[in-house]
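First up is the structure itself, then whatever we jot down about it.
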Amino acid sequence: MADGIPAEPPETAAARRRLALAQAALLSALTDGGPVPDGFDRARLRIQREALAAKRAGVIARIAPDLPRILGDAYRPAVLAHARRQPLTGGYRQDAILFVRRLLADGPLPNGPARRELTAWLRARTDAPEPAGRRRRLLPGAPILRRTR
């Protein structure tokens, strides 16, 4: 007994651990593509996973309305793909920033203006440079040429 609280029976502690593991497995299956835990309907879990991804796309569109405008028809498929491979960990604003970072680094963008607008959007919110995968490499002593609109 610690501080007047009776000790938990070993069976209860073991049941709590099993429940915690089952909850973690279910959460993983719903949010980051983990395997479907035993006892769950695969089709229903897939539907719920897609519904959560769609909700996430909608929330990002509400808090960052520039993103659907910039990406047009490419927004929804891109953000759904992001939601399927990246669990939500830091809140929706952080998720929007991570989405744009990954899109600039890895994703196919429809055109040059979209890339420029997304880069400006990201810089305005993070003061971060463009992701490393897209930085221009300069020779030592080469003049820096900047694009103008």
Side-chain angles (χ1 to χ4, degrees), residues 2-3 5-138 144 146-147 149:
D3 296 327
I5 300 173
E8 191 172 69
E11 318 73 61
T12 303
R16 286 182 192 276
R17 282 192 298 276
R18 284 191 307 274
L19 178 60
L21 287 172
Q23 288 174 333
L26 178 60
L27 185 60
S28 175
L30 285 170
T31 61
D32 66 1
V36 175
D38 290 339
F40 286 90
D41 183 305
R42 291 184 189 290
R44 286 184 178 183
L45 204 57
R46 181 183 47 76
I47 290 167
Q48 188 60 43
R49 183 175 34 236
E50 292 302 314
L52 288 171
K55 175 185 176 194
R56 198 164 152 189
V59 172
I60 291 173
R62 275 196 308 279
I63 64 164
D66 290 339
L67 298 180
R69 180 192 56 75
I70 293 168
L71 294 170
D73 292 339
Y75 169 77
R76 192 158 183 85
V79 79
L80 289 176
H82 165 75
R84 287 183 196 111
R85 71 177 179 265
Q86 176 64 46
L88 179 64
T89 57
Y92 287 107
R93 281 181 172 65
Q94 275 306 113
D95 193 37
I97 289 169
L98 181 59
F99 165 63
V100 171
R101 280 186 174 144
R102 291 237 165 115
L103 196 58
L104 287 169
D106 305 327
L109 291 175
N111 58 38
R115 174 172 296 286
R116 285 190 296 278
E117 285 188 73
L118 287 173
T119 300
W121 183 93
L122 183 61
R123 283 188 180 138
R125 283 149 188 84
T126 63
D127 294 330
E130 199 169 328
R134 301 292 185 180
R135 286 190 187 135
R136 288 176 178 54
R137 310 263 185 244
L138 295 177
I144 297 175
R146 299 188 190 274
R147 286 187 183 170
R149 287 189 175 195

Qualifying side chain to side chain donor-acceptor pair (under 3.5 Å) pairs with a residue from residues 21-30, counting only residues at least two apart or across chains: Ser28-Asp32
Any idea which heavy atoms bring [X] and [Y] closest together, and the distance?
{"X": "Ala57", "Y": "Leu80", "answer": "CB-CD2, 4.2 Å"}
{"X": "Ala96", "Y": "Ala64", "answer": "CB-CB, 4.4 Å"}
{"X": "Arg101", "Y": "Leu122", "answer": "CG-CD2, 3.7 Å"}

Could you name each residue pair satisfying salt bridge (charged side-chain N to carboxylate O under 4.0 Å, His left out) that touches residues 7-30, not counting sequence neighbours? Glu8-Arg16
Residue pairs meeting salt bridge (charged side-chain N to carboxylate O under 4.0 Å, His left out), one or both in residues 78-98, sequence neighbours left out, come to Glu50-Arg84, Arg56-Asp95
With sequence neighbours excluded, residues passing side-chain hydrogen bond (donor to acceptor under 3.5 Å, both in side chains) with [X]:
{"X": "Gln86", "result": "Arg102"}
{"X": "Arg76", "result": "none"}
{"X": "Gln94", "result": "none"}

Considering residues at least two apart in sequence or located in another chain, which fulfil the side-chain contact (heavy atoms from CB on, under 4.5 Å) criterion with Asp38? none
Under the side-chain contact (heavy atoms from CB on, under 4.5 Å) test, residues paired with Leu52 that sit two or more places apart: Leu30, Gln48
Run the side-chain contact (heavy atoms from CB on, under 4.5 Å) test on Leu103 and Val79 for me, step by step, so that the C-alpha distance in whole Å, both residues' side-chain angles and the decisive distance to 0.1 Å come before the verdict. CA-CA 9 Å; Leu103 196 58; Val79 79; over 6 Å; no
Pairs under 3.5 angstrom only: tabulate donor-acceptor contacts from the side chains of residues 65-72 to other protein residues two or more places apart or in another chain.
{"residue": "Arg69", "atom": "NH1", "partner": "Glu117", "partner atom": "OE1", "Å": "3.0"}
{"residue": "Arg69", "atom": "NH2", "partner": "Glu117", "partner atom": "OE1", "Å": "3.1"}

Going through the distances and angles, do Arg125 and Val100 end up as a side-chain contact (heavy atoms from CB on, under 4.5 Å)? CA-CA 11 Å; Arg125 283 149 188 84; Val100 171; over 6 Å; no
Look at atom CG of Asp41 and say whether more than 12 heavy atoms of other residues, nucleotides or ligands are closer to it than 6.0 Å. yes
Here the ring-ring contact (aromatic ring centres under 6.0 Å, His included) pairs for residues 46-99, sequence neighbours left out, are His82-Phe99
Does anything in residues 7-60 pair up under ring-ring contact (aromatic ring centres under 6.0 Å, His included), and if so which pairs, sequence neighbours excluded? none
With heavy-atom distances below 4.5 Å as the criterion, would you say the side chains of Trp121 and Ile97 are in contact? yes
How long is the straight-line distance from CD1 of Ile60 back to CG of Leu98, given to the nearest 0.5 Å? 9.0 Å
